[in-house]
Number of protein chains: 2
Amino acid sequence: MTNSDLAAGKRARLVAAACQMVHEQGVENTTLADIAQAAGVPLGNVYYYFKTKNDIVRAVVETHLDEANAMLAAIEAGHATPGERLKAVFAGLSEQTELIARYGCPTGSLCAELDKRADGPGITADLLRVPVDWAAAQFEAMGRSDGRDLAVELIARYQGTALLANTFRDPGLMEREAARVAAWIDSI
Amino acid sequence: MTNSDLAAGKRARLVAAACQMVHEQGVENTTLADIAQAAGVPLGNVYYYFKTKNDIVRAVVETHLDEANAMLAAIEAGHATPGERLKAVFAGLSEQTELIARYGCPTGSLCAELDKRADGPGITADLLRVPVDWAAAQFEAMGRSDGRDLAVELIARYQGTALLANTFRDPGLMEREAARVAAWIDSI
DNA sequence: GTCTATAGCCAGATAGAC
DNA sequence: GTCTATCTGGCTATAGAC
């Protein structure tokens with residue numbers, strides 16, 4: 001293992017810790033000391049890997065983006081029909097109901113927080129554009145000319161349900177909505 | 001005008017300023033100095049009306065709650081059938097599309113931010129429970145035994161669409177979804 | 001009740017030894 | 001590349017004159 005491997009490992013640990021802390025506490029309430037401690041890295045060393053706190057936040061956003069793309073690719077590989085794929089994506093997003101009920105959707109709550117800032121859209125828009133575009137393509141493959149509207153409806157329904165489940169601290173709400181969405185997709 | 005009237009006026013100005021600043025910047029990024037300046041009140045004087053910043057946040061939440069109740073009461077008075085009322089509530093919530101596209105739904109983004117904190121649910125749950133309960137009652141009045149599920153779907157759809165419209169900075173997205181929801185309600 | 005000045009704290013960022 | 005010590009600024013909250 002080379003030095004750059006070690007460096008990459010530390011950087012990766014910092015980003016992973018940042019993802020978790022930001023999900024649990026939000027961007028503003030998460031300090032660099034929090035992230036450094038969670039990653040087992042001394043505070044001062046953080047600045048060797050990231051110039052500013054904002055750089056870490058950008059890395060978190062990009063990590064979520066990569067994970068979203070990976071998840072959609074895996075679903076596309078594992079399911080043959082567009083309907084199965086759409087049900088799989090909602091089920092996959094809704095998977096960790098306890099975590100969503102406690103801290104909200106990781107990407108949704110991140111978008112909500114960063115959207116207050118002037119540079120929000122440039123950073124976060126892709127986080128929601130990627131699943132919406134993907135779902136639109138699936139609906140269109142089912143022969144629907146209003147695929148984009150249906151995609152917006154699907155993702156909005158997931159994000160809204162995650163907010164309700166989080167605010168009510170009710171994981172069952174997310175589960176029930178996942179079942180109802182599956183029935184809706186089957187009816188299309 | 002008595003002294004307590006003046007005091008109430010000042011307090012009301014502070015709360016109104018806090019509502020706006022919190023909507024635009026979020027809770028964490030809004031300082032007491034921001035609120036005081038927007039209300040035209042010296043910083044030190046804020047503490048005569050509110051012991052802590054958290055007390056102001058609580059006042060903001062209660063203001064939103066009062067406004068939600070007032071809005072629902074007005075809709076109930078102005079529309080005869082449950083279907084008309086449900087369409088009116090979604091239309092009312094979606095009204096200021098430009099503001100939503102820039103800063104998100106005032107109550108939704110507030111819930112998302114406060115939900116990260118341990119005391120979140122106790123404070124914000126009513127903000128979403130009130131419209132959900134109200135919508136459930138309307139759907140049940142239409143003879144639907146699954147009124148609660150439909151109410152969750154309706155509010156989730158609004159909140160999720162607001163998040164998408166905000167992230168994409170696209171007011172038109174909110175407008176289009178309002179029309180689609182109206183059609184959906186008509187079909188029930 | 002009102003307002004100025006400031007205390008106290010904490011977070012982001014940096015300097016510089018190793 | 002790593003880490004300790006520290007600087008700097010801004011924010012909540014308070015003290016105390018008026």
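Just so it is clear: chains get the letters A, B, ... in the order the sequence lines come, proteins before strands, and each one is counted from 1.
Protein atom CG of B/L14 is 14 Å distant from nucleotide atom P of C/dG1, rounded to whole Å. Rounding to whole angstrom units, CG of residue B/D55 and P of D/dT12 are separated by 13 Å. Atom-to-atom, CZ of A/R11 to C1' of D/dT2 comes out at 17 Å; the value is rounded to the nearest Å. Taking atom CE of residue B/M21 and atom P of nucleotide D/dC11, one finds them 11 Å apart after rounding to whole Å. Atom OH of A/Y47 is separated from atom C1' of D/dG1 by 17 Å (rounded to the nearest Å).
Nearest nucleotide to the side chain of A/Y49, out of C/dA13, D/dT2, D/dT14: D/dT2.
Applying a 4.0 Å cut-off to non-hydrogen atoms, none of the residues of residues 22-29 of chain B approaches DNA chain D.
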Just the atom pairs and distances: protein N or O near nucleotides 3-7 of chain C's N or O, under 3.5 Å.
residue : atom : partner : partner atom : Å
C/dC3   : OP2  : B/K10   : NZ           : 3.1
C/dC3   : OP2  : B/N45   : ND2          : 3.1

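For C/dT2, neither phosphate oxygen OP1 nor OP2 lies less than 4.0 angstrom from any side-chain nitrogen or oxygen of B/Y48.
Ion pairing of A/R117 with A/E28 is present here, as a side-chain N (NZ or NE/NH1/NH2) and a carboxylate O approach within less than 4.0 Å. Using a 4.0 Å cut-off between a side-chain N of Lys or Arg and a carboxylate O of Asp or Glu, B/R148 and B/D133 qualify as a salt bridge. A salt bridge is absent between B/K116 and A/E24; no separation between the charged side-chain nitrogens and carboxylate oxygens falls under 4.0 Å.
Judged by the 6.0 Å distance and 45° axis criteria, B/R129 is positioned over the aromatic ring of A/F168.
In this view, A/H64 satisfies the ring pair (Phe, Tyr, Trp, His ring centres under 6.0 Å) rule with no residue, not counting sequence neighbours.
With a 6.0 Å radius and a threshold of 12 heavy atoms from other residues, nucleotides or ligands, B/Q96 has its CD atom at or below the threshold.
Side chains of A/T63 and A/D66: a donor-acceptor N/O pair is absent below 3.5 angstrom, by distance only.
Ring geometry for B/F139 against B/W184 counts as tilted: the plane angle lies between 30° and 60°, on a 0 to 90° scale.
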